[in-house]
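Residue numbering restarts at 1 for every chain, and letters A, B, ... go by the order of the sequence lines.
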Amino acid sequence: MKLFNTLTQSLQEFKPINDTVSIYVCGVTPYDTTHLGHAFTYITFDTLIRYLEYKGHTVKYVQNVTDIDDDVLRKARELDMKWDDLGNREIERFLGEMDSLNWRRPDVYARATDEMERIVQLNEGLLERGLAYVSEGCVFYDVRKDPEFGKMAQAVGLNDYHSMLTIANERGNFPDDKRKRDPLDFVLWQAQAPGEPAWESPWGPGRPGWHIECSSMAMHYLGQQIDIHGGGADLNFPHHTCEIAQSEHYSGKAPFVRTWMHVGMVYQDGEKMSKSLGNLTLVRNLLKEYSADAIRLVLQSHHYRYQWECFPEDLKIAAANAYLFTQVRELVGPELRGEDSMLHNRFIAAMDNDLNTPEATLLLKHAAQQALEEKNINLGSEILRLTKVLGLTA
RNA sequence: GGCGACGUAGCCAAGUGGUAAGGCACGGCUCUGCAAAAGCUGCACCAGCGGUUCAAGUCCGCUCGUCGCCUCCA
């Protein structure tokens with residue numbers, strides 16, 4: 001199977017390091033609702049994992065949830081809720097809605113607040129190696145000590161280190177922070193602010209920076225080098241750029257990740273779907289009108305690396321296609337009988353080509369039309385076997 | 001401002017040098033008492049200009065346009 005590695009910007013033959021494929025996917029911050037963009041990302045990895053398992057791999061899948069950060073605290077204040085109550089509520093909603101889409105839950109769903117001890121260790125390690133420094137109860141990553149910083153940023157077109165530095169200075173969002181040595185330095189541990197929750201650390205009470213939890217969890221649950229690390233395309237910089245820096249300098253092993261996979265953004269009204277713009281299609285609302293299979297088919301009819309916009313018409317088409325597969329199920333019955341190697345091989349070829357689900361779903365659709373026309377039980381059985389690989393419930 | 005991506009029919013979209021998939025919409029036909037559904041069928045000089053090549057949507061350059069990232073974001 002070939003997968004596109006964001007870091008090298010090329011298709012690479014996928015070969016796991018060990019028998020068990022290690023996959024880490026950046027999860028959500030639980031302060032708001034689940035929209036179609038989230039579903040696209042997580043159904044993409046759900047599909048990948050189902051496919052890998054179908055091909056005989058054992059997969060260990062870890063996803064984080066950032067249950068303590070600025071957004072959670074801010075939203076909790078707005079709602080006059082306790083921050084952890086808000087987090088718990090939104091985590092339940094997220095998991096519930098993803099369950100409704102028939103996703104395979106991660107083997108480990110890790111909370112940032114359960115990770116404190118190891119995050120502190122990671123900070124200590126980076127301090128020992130001279131790649132971080134303490135300043136007024138905070139720990140910062142020292143980008144000047146890391147000539148390799150920004151590999152991922154470069155890969156996605158964000159020029160080089162010096163340009164990033166220049167731009168960051170021009171923009172001036174953080175250089176005013178006198179606690180930092182360099183405007184690009186980022187927080188590994190931040191000192192407690194008045195009224196905010198805090199955890200103990202050698203540098204005083206505080207909480208983790210924005211990127212450190214993922215380094216910590218990935219290395220703890222999966223090892224210092226992992227097979228696949230994924231997330232939305234908006235995470236490649238700065239989040240994954242910083243993750244690479246932290247992880248590789250802590251472990252002394254590179255690459256931290258064999259294959260970086262980034263999922264394209266979903267658009268609405270011509271712009272990127274985002275909480276701040278409010279142009280959201282909510283999974284919860286879609287589920288009122290469409291089946292999980294229809295929603296999955298809409299997502300899978302787009303290739304994961306590319307951005308797209310969801311139109312109502314596409315959902316109707318997907319629902320019609322989902323119906324085709326239920327008709328195939330009626331034709332075949334509960335027991336699968338026979339196979340169709342032609343369809344199987346074409347499906348494998350599509351999926352092996354960087355998870356080309358648009359082609360795979362199209363193949364299955366045409367096969368379904370044919371099977372129904374010919375009342376072909378063998379073909380129908382094969383279709384149902386493969387739709388199951390896509391996580392469909394027909 | 002810097003950097004990057006993209007620009008294929010009304011819309012979505014495949015296509016990684018060799019006579020332009022597919023889907024939706026639309027038109028025609030078949031079937032049906034009408035309609036719907038279904039089936040058949042029709043519908044593109046690939047943003048513009050220049051270059052490389054026997055051959056370019058596909059490679060290179062420029063222009064125009066759209067979007068993204070650089071700031072929390074799947």
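The side chain of A:K272 places an N or O atom within less than 4.0 Å of a non-bridging phosphate oxygen (OP1 or OP2) of B:C69.
Using modelled atom types and a 3.5 Å distance limit, the side chains of A:T259 and A:N5 yield no donor-acceptor pair.
Between A:H302 atom NE2 and B:A13 atom P there is a gap of 6 Å when expressed in whole angstrom units. Atom pair A:Q268:CD and B:G68:C1' shows a separation of 17 Å (rounding to whole Å applied). The separation between A:Q307 atom CD and B:A13 atom C1' is 14 Å, rounded to whole Å. Protein atom CE of A:M265 is 13 Å distant from nucleotide atom C1' of B:C72, rounded to whole Å. Summarising the geometry, the separation between OH on A:Y267 and C1' on B:U66 is reported as 10 Å, rounded to the nearest angstrom. Protein atom CG of A:D354 is 15 Å distant from nucleotide atom P of B:U16, rounded to whole Å. Here the P atom of nucleotide B:A74 and the OH atom of A:Y109 are 11 Å apart, to the nearest Å. Between A:M273 atom CE and B:A74 atom C1' there is a gap of 11 Å when expressed in whole angstrom units.
Each of A:E271 and A:K275 was assigned the nucleotide of RNA chain B with the nearest heavy atom; the assignment lying further toward the 5' end belongs to A:E271. If you find the closest nucleotide of RNA chain B to A:H239 and to A:F311, the one lying nearer the 5' end belongs to A:F311.
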Please tabulate, one pair per line, each protein N/O and nucleotide N/O from nucleotides 22-27 of chain B that are separated by under 3.5 Å, including the distance.
| unit_1 | atom_1 | unit_2 | atom_2 | d |
| --- | --- | --- | --- | --- |
| B:C24 | O2' | A:E313 | OE2 | 3.4 |

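When heavy atoms are screened at a 4.0 angstrom cut-off, A:H35 is found touching base atoms of the nucleic acid. Counting any heavy atom pair closer than 4.0 Å across all strands shown, A:V25 reaches no nucleic acid atom. Counting any heavy atom pair closer than 4.0 Å across all strands shown, A:G37 reaches a base atom. Across all strands, A:G27 comes closer than 4.0 Å only to sugar-phosphate atoms, never to a base (heavy-atom distances).
Contacts of residues 89-97 of chain A with RNA chain B (heavy atom under 4.0 Å): none.
Between A:Y141 and A:H249, the ring planes lie tilted relative to each other; the angle falls in the 30° to 60° range. Ring planes of A:Y109 and A:F94: parallel class, angle under 30° (limits at 30 and 60°).
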> Given A:K275 and A:D71, is the salt bridge (charged side-chain N to carboxylate O under 4.0 Å, His left out) satisfied, shown in steps?
Replying inline: CA-CA 11 Å; A:K275 291 169 183 171; A:D71 286 319; over 6 Å; no
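Residues A:V28 and A:L101 fall within the same hydrophobic cluster, defined by Ile, Leu, Val, Met, Phe, Trp and Tyr side chains chained together at heavy-atom separations under 4.5 Å.
For A:R93 and A:E90, the salt-bridge test passes: some basic side-chain N is under 4.0 Å from an acidic carboxylate O. In this structure, A:E115 does not pair ionically with A:R111, as no charged nitrogen and carboxylate oxygen lie closer than 4.0 Å.
Nucleotide B:A9: unpaired (no Watson-Crick or G-U wobble partner with both distances less than 3.5 Å). The nucleotide B:G61 finds its pairing partner in B:C49, both defining distances of the Watson-Crick or G-U wobble pair being shorter than 3.5 Å. The partner of B:C43 is absent, by the rule that a Watson-Crick or G-U pair needs both atom distances under 3.5 Å. Nucleotide B:G4 is matched to B:C67 when pairs are restricted to Watson-Crick or G-U wobble geometry with both distances under 3.5 angstrom. In a base pair of the Watson-Crick type (N1 to N3 plus N6-O4 or O6-N4) or a G-U wobble (N1-O2 and O6-N3), with each distance short of 3.5 Å, B:G33 is matched with no nucleotide. The nucleotide B:A56 finds no pairing partner, because no Watson-Crick or G-U wobble arrangement with both distances shorter than 3.5 Å includes it.
Straight-line distance between the C1' atoms of B:G65 and B:C29: roughly 41 Å, to the nearest whole Å. Nucleotides B:U66 and B:C72 have their P atoms positioned 27 Å apart, rounded to a whole Å. Taking atom C1' in both B:A55 and B:G42, the straight-line distance is 30 Å, to the nearest Å. For the P atoms, the distance from B:C46 to B:G50 is 13 Å, rounded to whole Å. Comparing the C1' positions of B:A44 and B:A13 gives a spacing of 13 Å, expressed to the nearest Å. Only the C1' atoms considered, B:C49 is 15 Å distant from B:G7, to the nearest whole Å. When the C1' atom is compared between B:U32 and B:A20, the two are found 37 Å apart, to the nearest whole Å. B:C24 and B:C59 are spaced 33 Å apart, taking the C1' atom of each and rounding to whole Å.
No more than 12 heavy atoms of other residues, nucleotides or ligands sit less than 6.0 Å from atom NZ of A:K388. The local environment of CZ in A:R346 is sparse, with at most 12 non-hydrogen atoms from other residues, nucleotides or ligands closer than 6.0 Å.
The side chain of A:T29 sits closest to B:A74 out of B:A74, B:C67, B:C70.
The shortest side-chain heavy-atom distance between A:S135 and A:Y133 falls under the 4.5 Å cut-off.
Between A:N378 and A:R337 the shortest heavy-atom distance is OD1-O, 3.3 Å.
Both the sub-6.0 Å distance and the 45° axial angle are not jointly satisfied by A:R179 relative to the ring of A:F140.
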